[in-house]
Amino acid sequence: MSDPLAAIRRFLDRHPLPTPCLVIDVDAVRERYRALSTAFTAAGGARVYFAVKACPEPAVLAALAAEGASFDVASPGEIDLCLRQGAAPAALSYGNPIKKASAIAYAHSAGVREFVCDAESDLDNLARHAPGAEVSVRLLLDAPDSVTPFGAKFGCEPEVAVGLLTRAAELGLDPVGLSFHVGSQQLDVKAWDLAIGTAARVASAAGTPLRRLNLGGGYATPYRGSAPALAEYSSQAASSLRTHFGANAPELLIEPGRALVAEAGMIRTEVVLVAQRRAADPRRWVYLDIGRYNGLAETENEAIAYRVERAGGVRDEPAGPVVLAGPTCDGDDVLYQHTPYRLPLSLRPGDQLDIPGAGAYTASYSSVAFNGIEPLRTYCISGGRWIDESARSAP
Ligand SMILES: *Cc1c(COP(=O)(O)O)cnc(C)c1O
């Protein structure tokens, strides 16, 4: 894979932008999409649905649509966004099991035919507002904890899933299959074996061969630590399908978010203040112009530990321990106080830092105006140049 970090840093050298900013190398997203599409060949191939919430940047969606990607959408807003960027309605799957009847009707009128469901009242709404739609039932799993687990918010127990599949057919819907999500940033590839085994049991209890299996997202990306290679996820899927489905393997879907865009993006931020707080604590507090509310929401509970380094890359200079915090007046806007971080001793207000691997779940999580701070500005580049949205012709 080309080096998006180097491309982004060269771009920022030529165009010093106000901080904080997120720069996304769309060429890297494209490469990653191709890698994900081919990675699952060993498992019989998989259609790739990009989970839009990870990075709803128009230029990213347009590039993926041009590559032939499909999209996992969660709201009328995400449907419109994808359609405007050239995605066909048939390439959209409404993957959010929590939806209003009006949202279902809107999706149906926009041409969306594929929905995920995990409860009876939602199924009734689908029958009423999206007659004949393809429905996948989402399973609740006891998957090993991921870095950012979904808990028990989504999915139904296997027995309930069997009932929903049967009921979907009675309601004139097309019960195409099952789906699950083993938790985001899932470092344990065995999580998929458990999920695929559960899906096979549900399919056999339902008494119909499973046509489609949605393996969800969760494929991890390296932050400060390492992550399994795509090949490890796909060979796990291939062997689990053999074990649990034998010769009757269903068509596969995957819904990567993080794994598609994280490494394609880098945030540049500026140091606002460096201060020593308690005499007994040798750590300096380093306050940045980015925090929990303008892009780094995933530092909640210090779940995601991003790399943080001097702009341009790590240099050989003396460093010491720090606590990292954001710029707002909120006491929870502290990024890392338990996870050890070290930064150069010479660090001063006005110095810039880089946060690589920040293309996923950053800009899309930033608030509109907490403390008057604007949402994270995002710039997409291709071939080392800024993709000027206003210059692109309207569809
Ligand atoms: C968020 C989400 C994804 C993407 O998850 P990643 O961990 O970013 O790969 C996929 N599917 C559904 C239904 C989601 O809600």
Side-chain angles (χ1 to χ4, degrees), residues 24 29 32-33 35-37 39-40 46-57 60-61 64 69-75 77-79 82 91-99 103 107 112 114-119 122 135-141 143-156 177-189 191-192 195 199 212-223 227-228 230 232-234 236-237 252-265 297-298 303-304 306 357-365:
I24 295 175
V29 175
R32 192 70 178 161
Y33 169 78
L36 271 155
S37 313
F40 280 75
R47 264 175 82 187
V48 181
Y49 286 66
F50 174 50
V52 174
K53 72 177 186 292
C55 182
E57 269 304 306
V60 167
L61 301 176
L64 288 173
S70 298
F71 298 88
D72 169 43
V73 294
S75 66
E78 285 188 351
I79 291 172
C82 291
L92 307 187
S93 162
Y94 202 128
N96 189 353
I98 317 299
K99 45 195 168 315
V112 177
E114 211 177 332
F115 295 82
V116 174
C117 168
D118 65 8
D122 186 49
V135 176
S136 289
V137 173
R138 180 158 168 180
L139 299 169
L140 175 66
L141 303 165
D145 264 359
S146 72
V147 174
T148 59
F150 286 104
K153 180 171 176 182
F154 304 107
C156 56
L178 295 166
S179 83
F180 56 78
H181 195 305
V182 295
S184 199
Q185 187 69 2
Q186 179 56 268
L187 298 165
D188 184 353
V189 301
W192 276 267
R212 203 177 287 169
L213 181 60
N214 182 336
L215 305 180
Y219 317 98
T221 193
Y223 288 103
L230 288 181
E232 294 176 55
Y233 290 106
S234 62
Q236 177 64 63
L252 291 187
L253 271 57
I254 56 171
E255 295 175 336
R258 194 184 299 282
L260 232 167
V261 290
E263 285 186 90
E298 287 207 303
I304 298 294
Y306 294 100
Y361 302 115
T362 46
S364 58
Y365 263 134

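Whatever order the structure lists ligands and atoms in, that order sets their numbers, starting from 1.
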Worksheet item: Where do Ile79 and Phe71 land on the side chain to side chain contact (heavy atoms under 4.5 Å, CB included) test, with the steps shown first?
Response: CA-CA 9 Å; Ile79 291 172; Phe71 298 88; over 6 Å; no

Discussion item. Need the ligand 1 atom indices (1-based, order shown) with element for anything under 4.0 Å from a heavy-atom of Ala51.
Written reply: 3 (C), 4 (C), 10 (C)

Worksheet item: Among all protein non-hydrogen atoms, which one is nearest to atom 5 (O) of ligand 1, and what is the separation to 0.1 Å?
Response: His181 NE2, 2.9 Å

Worksheet item: Looking at ligand 1, does any of its N/O atoms fall within less than 3.5 Å of an N/O of Gly218?
Response: yes

Worksheet, complete the sentence: Nearest heavy-atom contact between Leu187 and Tyr233 is CA-OH, 4.3 Å

Discussion item. Using every non-hydrogen atom in the two residues, find where Cys82 and Val52 come nearest and quote the distance to one decimal.
Written reply: SG-CG2, 3.6 Å

Fill in: Residue, atom name and distance, where the atom is the protein heavy atom closest to atom 1 (C) of ligand 1
Lys53 NZ, 1.3 Å

Fill in: Pair His181 + Phe150: ring centers closer than 6.0 Å
yes

Worksheet item: Can you name the closest pair of heavy atoms from Ala119 and Cys117 and give their distance?
Response: O-SG, 3.4 Å

Fill in: Sub-4.0 Å atoms of ligand 1 with respect to non-hydrogen atoms of Arg138
13 (C)

Practice prompt. Within a distance under 4.0 Å of any heavy atom of Arg258, pick out the atoms of ligand 1 and give their elements.
Written response: 6 (P), 8 (O), 9 (O)

Discussion item. Between ligand 1 and Gln186, can you find any atom pair, the residue atom being a heavy atom, that is separated by under 4.0 Å?
Written reply: no

Item to complete: Have a look at ligand 1 and work out which part of Asn96, if any, has a heavy atom under 4.0 Å from it: side chain, backbone, both or neither.
Response: neither

Fill in: Geometric N/O contact Ser184 with ligand 1, under 3.5 angstrom
yes

Item to complete: For Gly217, counting its heavy atoms only, list the atoms of ligand 1 lying under 4.0 Å from any of them.
Response: 5 (O), 9 (O), 10 (C)

Discussion item. When you compare ligand 1 with Gly257, is there at least one nitrogen or oxygen pair between them that comes in under 3.5 angstrom?
Written reply: yes

Worksheet entry | Heavy-atom closest contact (Tyr94 atom, Ala74 atom, distance) | OH-O, 3.5 Å

Worksheet, complete the sentence: Closest to atom 10 (C) of ligand 1 among protein heavy atoms sits Glu255 O, 3.1 Å

Practice prompt. Specify side chain, backbone, both or neither for Lys153, according to which of its non-hydrogen atoms lie closer than 4.0 Å to ligand 1.
Written response: neither

Worksheet item: Can you name the closest pair of heavy atoms from Gly217 and Trp192 and give their distance?
Response: O-CZ2, 3.4 Å

Discussion item. Can you confirm, on distance only, whether ligand 1 has an N/O atom lying under 3.5 Å from any N/O atom belonging to Tyr361?
Written reply: yes

Worksheet item: Can you name the one residue among Arg47, Glu114, Glu255, Arg138 that meets side-chain hydrogen bond (donor to acceptor under 3.5 Å, both in side chains) with Asn214?
Response: Glu255

Response to the item:
Under 4.0 Å from one or more heavy atoms of Asp72, ligand 1 contributes atoms 10 (C), 11 (N), 12 (C), 13 (C), 14 (C)

Worksheet item: According to the interplanar angle, ranging from 0 to 90°, do the rings of Tyr306 and Tyr223 count as parallel (below 30°), tilted (30 to 60°) or perpendicular (above 60°)?
Response: perpendicular

Response to the item:
Residues at least two apart in sequence or cross-chain that pass ring-ring contact (aromatic ring centres under 6.0 Å, His included) with Phe50, listed by chain then number, are none

Worksheet item: Applying a strict 4.0 Å limit to heavy atoms, is Pro256 in contact with ligand 1?
Response: yes

